[in-house]
Protein chains: 2
Amino acid sequence: MSDVGTGENLLFLTDEQLRQGIEAMFFAYRGFTADPDRILTGMAYGRAHHRAIHFINRAPGTTVNNLLILLGVTKQSLNRVLRTLIEDGLVESRVGVSDKRERNLYLTDAGQELERKLSDAQRARMRAAYRAAGPQAVAGFRQVLEAMMDPEMRRKYHALRESGA
Amino acid sequence: MSDVGTGENLLFLTDEQLRQGIEAMFFAYRGFTADPDRILTGMAYGRAHHRAIHFINRAPGTTVNNLLILLGVTKQSLNRVLRTLIEDGLVESRVGVSDKRERNLYLTDAGQELERKLSDAQRARMRAAYRAAGPQAVAGFRQVLEAMMDPEMRRKYHALRESGA
DNA sequence: CAGCTTATGTCAGTCTTATTGACTTTCCAA
DNA sequence: TTGGAAAGTCAATAAGACTGACATAAGCTG
């Protein structure tokens, strides 16, 4: 397509190339969040609820503290979101088994239903992009994204893959 | 690394693979914005100011309306940001030449200085990620991101490349 | 057991970014 | 000349985040 990374091109790290990468991230992230955002508009929920639901689904039984770190928000901020989800019967909070101070979080059936609805939309876009770009491009995509993460988040990302795979 | 896209693997579009892509986007975007956010903390500016500065630098002389569409925000929202940047002498607003209703936006020297400071940080991370992943991965990264954009934003993205290259 | 620490929850106040709606001024163009 | 477009502004509102302070329950350690 362009001259980016055609083989051994040593100039692929010019400022211009990097700026284009920055803009690509910006515009792509807009697309990435657009579909679930549209679904959530009209419901009483926003992107923060989506994120909480996603990770509770992904790591069932996770504690509040773990979710806090995963999402990179404060306790107070998460609590507001979590409270409404629990009140609305989408999330269940069970007292920890080994440590009764902890709360283990699970999606209820209704929670799982919303999760599927949201992730269906997001995965459809992801799937279309993956198909259009091809397997080799997907591998590169994942490599660059991973290299862009903060080390701590990269660990969290890998931990999810191990439990979820 | 993993089994993602090793050649002709036809199963690379499983839900699990797509979920991992979604999470990779989430965590990577956090890293992507972390450095400029850190710099802006303490200044009177936020991420919205960064975005405005970025695109004014990228497309000098752009109109308010064009910037609106580029950033995907409302006039009122942009105006608040733009006003402070103009008041603080980082952005200059000149009456349009051919159409006097329009305002053409430019960075002042001070504006360019801040732009460089912010983009240096962001590009450094981008550069490190590109280096770690290699040219071929970068090409794939760009392909997938582009496929993920809404068509209208893809056009805007290309328009920037033409003017900026 | 006493005291420290951890995990969670909550209240109050603030900030940034964004929204919708209404209205004005300026000015281009049919 | 009149309609509509570009920009700017005011007001009210919302989501999502923050800090700081405080409370409760429960685990851990001496």
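Phosphate proximity of C:dT8 to A:R80: absent, as no side-chain N or O sits under 4.0 Å from OP1 or OP2. When the side-chain nitrogen and oxygen atoms of A:R83 are compared with OP1 and OP2 of C:dG9, none of them lie within a distance under 4.0 Å. Note on B:S77: every side-chain N or O is 4.0 Å or more away from OP1 and OP2 of C:dT17. For A:N65 and C:dT6, the shortest distance from a side-chain N or O to OP1 or OP2 is not below 4.0 Å.
B:E23 and A:H54 share a side-chain donor-acceptor pair at under 3.5 Å. Side chains of B:E146 and B:H158: a donor on one and an acceptor on the other come within 3.5 Å. Using a 3.5 Å distance cut-off with no hydrogens or angles, the side chains of A:K156 and A:N66 do pair a donor with an acceptor.
Residue whose closest nucleotide on DNA chain D sits further toward the 5' end, between B:L82 and A:T74: B:L82.
Relative to the six-membered ring of A:F32, A:R125 misses at least one condition, a distance below 6.0 Å or an angle of at most 45° to the axis. A:R154 forms no cation-pi arrangement with B:F27, by the criterion of a distance under 6.0 Å to the ring centre and an angle within 45° of the ring axis.
With respect to B:R116 and A:D15, no salt bridge is recorded, no charged nitrogen being found less than 4.0 Å from a carboxylate O. Salt-bridge check for B:R30 with A:D150: failed, with every basic side-chain N at 4.0 Å or more from each acidic carboxylate O.
Straight-line distance from the CG atom of B:D37 to the P atom of D:dC18: 11 Å, rounded to whole Å. The CD atom of A:E102 sits 14 Å away from the C1' atom of C:dT5 (whole-angstrom rounding). When the P atom of D:dG16 is taken as reference, atom CD1 of A:I53 falls 11 Å away, rounded to whole Å. Rounded to whole Å, the distance from CZ on B:R103 to P on D:dA5 is 18 Å. For B:L85 and D:dA7, the CG to C1' distance is 17 Å, given to the nearest whole Å. If you take CZ of B:R94 and C1' of D:dA7, they are 18 Å apart, rounded to a whole angstrom. We find that CG of B:L78 is positioned 14 Å from C1' of C:dT19, with the value rounded to whole Å. Spacing between atom CG of A:L40 and atom C1' of C:dT19 amounts to 16 Å, rounded to whole angstrom units.
A heavy atom lying under 4.0 Å from DNA chain D marks the following residues of residues 43-52 of chain A, by number: A:G46, A:R47, A:A48, A:H49, A:R51.
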Base, backbone or nothing for each nucleotide of nucleotides 22-30 of chain D, written B, S, -, heavy atoms under 4.0 angstrom, 5' to 3'?
----BS---

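By the rule that hydrophobic residues join a cluster once side-chain heavy atoms approach within less than 4.5 Å of another member, B:L107 and B:M43 end up as members of one cluster.
Listed candidates were D:dA7, C:dA22, C:dA12. Nearest to the side chain of B:Q76 is C:dA22. For B:N79, the side-chain atoms get nearest to D:dT9 when compared with the rest of D:dT9, D:dA7, C:dG9.
Few gaps surround CD on A:Q76; more than 12 heavy atoms of other groups in view lie less than 6.0 Å from it.
Residues A:L82 and A:I56 meet the side-chain proximity criterion, which asks for heavy atoms closer than 4.5 Å.
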